[in-house]
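Only one structure is covered here, and it is reproduced in the block below.
Note that ligands are numbered from 1 as they come in the structure, with each ligand's atoms numbered from 1 the same way.
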Amino acid sequence: MASSLVATRVAAPTPRTSAATARSAPPHVGPKSRATAPLVGRLAAKAYTPRASVAAAAGPDIAALQSKFGIPGSVEILAGREGLPSVRLTHACGASAEIALFGGTVLSWKQANGSEVLYCRPDAKFDKSKPISGGIPHCFPQFGPGPDMQQHGFARNLDWDVAATSADPQPDEADPEVQLVLSPSDYTEKMWPGRKFKVLYTVTLHGETLRTDFRVLNEGDAPFSFTSALHTYFEVAGIDKARVTGLKGKTYLDKTVDANNPPSASETRDAVTFSGPVDSVYVDAGDYCELEVGTGAAVAVASEGWSDTIVWSPWTSMEDCYKEFCCVEKGAAVKPIEVEAGGSWRARMDLSVVDL
Ligand code: TA6
């Protein structure tokens, strides 16, 4: 039965700290019903044992954060993977998400039945020695390589701060939520001098739907511009079975041909499939696509504000894991976003598991 996956909010959230953030209507989400079947599910079984690490030792005070921002049963600040300070959101329906403060990276998003939807590469490090290769890393203030800073920018290399948490009262169930913030530091100033930016990233569990709200504020007195993306890794049940629908007729830049000067082409297929490396940036790709993961379920990617969609599979250049994942990313990757002095920019993405 067709039903909206995202209901209109009826009440403003009540953050534990700072002023509540004004909300407008949620993004359009696709027409399908929420799936109850497991997605791929293998990661759900891979328990990890948190242990003390350099990352935790050098990072924020987890106990102090928990005391300030924890909400019993809904929001917990804890030592997550390999001790990384993380925020766990738990919805009353049983869905959960875990967000590492390092990189503001969503590392895990599980359905109510415990199925993991995201993917972390086996070479992912959780000791801050490099950005986390998995989940939903940020690309900001740059998508891809560039002359002044590392590939995909600095946001995925830094500890974000917790700005607020809430368990927003819904008609029947609370939506656990955390808002993270990234502000300029000496480190960012070296690469991106003079930009008085503030990035606010809100992650909410709306039932089993993972909702992200990404805002860039310009608190300076001169405009700046950036490119950005949510570099989302999804687990698939075999890359040969994965399909991305909803991109037919869109123009894409094929970075497998020339990463620096990619030729453009028009997508003629109903579904993007994988039989070799794929690194395509779909320009002005619309606000809805689906990743069929090969189990009879799909992840619906609904967005607002993010203009482009990037589809990436490294294929055999990552021999040990390429069959297990692909990235479907929403971004403003091609045309830089300009934010005027005192202005802001906002983009949202909802991820939901749907039955095919
Ligand atoms: O988003 C796709 C992409 O930009 C590819 O071109 C590929 O370089 C990939 O990201 C690699 O990301 P990584 O996290 O390994 O730097």
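Put simply, the residue from Tyr233, Trp315, Trp312 that forms a ring pair (Phe, Tyr, Trp, His ring centres under 6.0 Å) with Tyr322 is Trp315. Here the options are Phe224, Phe197, Phe226, the test is ring pair (Phe, Tyr, Trp, His ring centres under 6.0 Å), and the partner is Trp345; only Phe226 passes.
At a threshold of 4.0 Å, the pair Lys125-Asp123 does not count as salt-bridged, since none of the basic side-chain nitrogens sits closer than that to a carboxylate oxygen.
Heavy-atom contacts of His152 reach the following atoms of ligand 1: 3 (C), 4 (O), 10 (O), 12 (O), 16 (O) (cutoff under 4.0 Å). Set against the non-hydrogen atoms of Lys255, the atoms of ligand 1 under 4.0 Å away are 4 (O), 6 (O). Here is the list of ligand 1 atoms found below 4.0 Å of a heavy atom in Ile310: 1 (O). Distances below 4.0 Å separate heavy atoms of Phe143 from the following atoms of ligand 1: 1 (O), 4 (O).
The six-membered or imidazole ring of Phe140 lies away from that of His152, with a centre-to-centre distance of 6.0 Å or more.
Scanning the protein heavy atoms around atom 2 (C) of ligand 1, the nearest turns out to be Glu329 OE2, 3.6 Å. With respect to atom 5 (C) of ligand 1, the closest heavy atom belonging to the protein is Asp279 OD2, 3.2 Å. Protein heavy atom at the shortest distance from atom 15 (O) of ligand 1 is Arg121 NH1, 3.5 Å. Nearest protein heavy-atom contact of atom 8 (O) of ligand 1 is Gln151 NE2, 3.1 Å. Among protein heavy atoms, atom 13 (P) of ligand 1 sits closest to Arg156 NH1, 3.8 Å. Atom 10 (O) of ligand 1 has its closest protein heavy atom at His231 NE2, 2.9 Å.
Hydrophobic clustering (ILVMFWY, side-chain heavy atoms < 4.5 Å, transitive): Val203 and Val299 are in one cluster. Note on Met349: it does not cluster hydrophobically with Leu200, by side-chain heavy-atom contacts below 4.5 Å among ILVMFWY residues.
Side-chain polar atoms of Glu177 and Thr204 form a donor-acceptor pair below 3.5 angstrom.
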